[in-house]
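For reference, the structure discussed in these notes is given below.
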Protein chains: 2
Amino acid sequence: MVVDQAEVDLLFHALADATRRDIVRRTMDGSFSVSTLARDYPMSFAAVQKHVAVLERAGLVTKERRGREHLVAGNPAALRAAHDVLDRLELVWRERIARMDDLLAADTHEGNRP
Amino acid sequence: MVVDQAEVDLLFHALADATRRDIVRRTMDGSFSVSTLARDYPMSFAAVQKHVAVLERAGLVTKERRGREHLVAGNPAALRAAHDVLDRLELVWRERIARMDDLLAADTHEGNRP
DNA sequence: CTGATCTACAACCATACGGTTGTATATACG
DNA sequence: CGTATATACAACCGTATGGTTGTAGATCAG
């Protein structure tokens, strides 16, 4: 499951803004119209609209039209994808620690054998 | 353990670039001088220097001077912090699913009691 | 139909970003 | 010493970002 670097760029870029993270948090708990979301932020409707567009481009939310309003819903899979990228970065570190542990264990072993 | 939103912004912004993510990955496995890192990317030394500065500002790497070269080392704690932010976003979703499960279970329960 | 609401989109603006080149400083080597 | 290496930093440039306002198209209520 190799992820395209450009998509990861979009993912993390989308998460690098407090307003957008808040929108993600809220939409993970259900669907909200863009104007409902916009009401809670100290900026224009158009600005929130742009934030939603950034989140949509990153795959973090999806929009579904219902009547005249567009419901924004969070996409847990995208969050999981970001998670996985971080896991792979951490993995390198974990493996390094494991190797160090192995070396220490080997040393101890040799130390026990005179 | 409340994290400052501005710091989280820096964290995710730093991770929103493939070159920077690669530097993080490499430095999680040990220390590298800036020029050693720079050799592997198709850009100037100064550009890589800037990337390292962004990572440092986000706390993802630390620099330690050794002689004339500055060794860049990854900081697993920052990676963990990013992880935790994602966990909290996911948590909302998990709780929602749990609530839905509870409702379903309650329905089933009532259905079993005539 | 009229009016109010929700959304989309364009134009604009200030600032930040990612890259470049050039210059300066500290350290190692011979 | 002089020279090469490693880094830092400033200035510059094109483009993207995050915000604004304004205009226009759908849709619902009366």
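No hydrogens, no waters, no symmetry mates; every other heavy atom, side chains included, goes into these values.
Between Asp22(B) and Arg25(B) a salt bridge is recorded (basic side-chain N to carboxylate O distance below 4.0 Å).
Between dG18(C), dC9(D), dT7(C), one nucleotide has an atom nearer to the side chain of His70(A) than all others, and that is dT7(C). Closest approach to the His51(A) side chain among dG18(C), dG18(D), dT20(D) is made by dG18(D) (side chain taken as heavy atoms from C-beta onward). The side chain of Gln49(A) sits closest to dA8(C) out of dA8(C), dA26(D), dC6(C). Listed nucleotides dG19(D), dA26(C), dA26(D) differ in distance to Arg65(B); the shortest reach to its side chain belongs to dA26(C). For Met43(A), whose side chain is taken as the heavy atoms from C-beta onward, the closest listed nucleotide among dT20(D), dT7(D), dG19(C) is dT20(D). Comparing atom distances between the Ala46(A) side chain and each of dT20(C), dG19(D), dT21(D) picks out dT21(D) as nearest. Checked against dT7(D), dT20(C), dG19(D), the side chain of Ser44(B) finds its nearest nucleotide in dT20(C).
Within the 4.5 Å cutoff, side-chain heavy atoms of Ile23(B) are placed close to those of Tyr41(B). Inter-residue side-chain proximity for Leu60(B) and Arg20(B) is flagged as unmet; no heavy-atom pair is nearer than 4.5 Å.
Rounded to whole Å, the distance from CZ on Phe45(B) to P on dA8(D) is 7 Å. For the pair His13(A) NE2 and dT15(D) C1', the computed distance is 13 Å after rounding to whole Å. Atom CG in Asp9(B) sits about 15 Å away from atom C1' in dC17(C), given to the nearest Å. As a whole-Å value, the separation of Leu55(A) CG from dG18(D) C1' is 14 Å. Atom CZ in Arg57(B) sits roughly 10 Å away from atom P in dG18(C) (whole-Å rounding). Distance Leu37(A) CG to dT5(C) C1': 16 Å, rounded to the nearest Å.
Between Lys63(B) and dA8(D) there is a side-chain polar atom (N or O) within less than 4.0 angstrom of OP1 or OP2. For Arg68(B) and dT25(C), the shortest distance from a side-chain N or O to OP1 or OP2 is not below 4.0 Å.
Counting any heavy atom pair closer than 4.0 Å across all strands shown, Ser35(A) reaches sugar-phosphate atoms only and no base atom. Looking at heavy-atom distances under 4.0 Å, Arg20(A) makes contact with sugar-phosphate atoms alone, never a base.
Leu79(A) contributes atom CG, which lies 12.0 Å from atom CZ of Arg88(B) (distance to the nearest 0.5 angstrom).
For the pair Arg66(A) and Asp17(A), nearest-nucleotide mapping onto DNA chain D gives the more 5' position to Asp17(A). Residue order along DNA chain C, read from the 5' end via each residue's closest nucleotide, puts Glu69(A) first among Glu69(A) and Lys50(A).
Ring planes of His83(A) and His83(B): perpendicular class, angle over 60° (limits at 30 and 60°).
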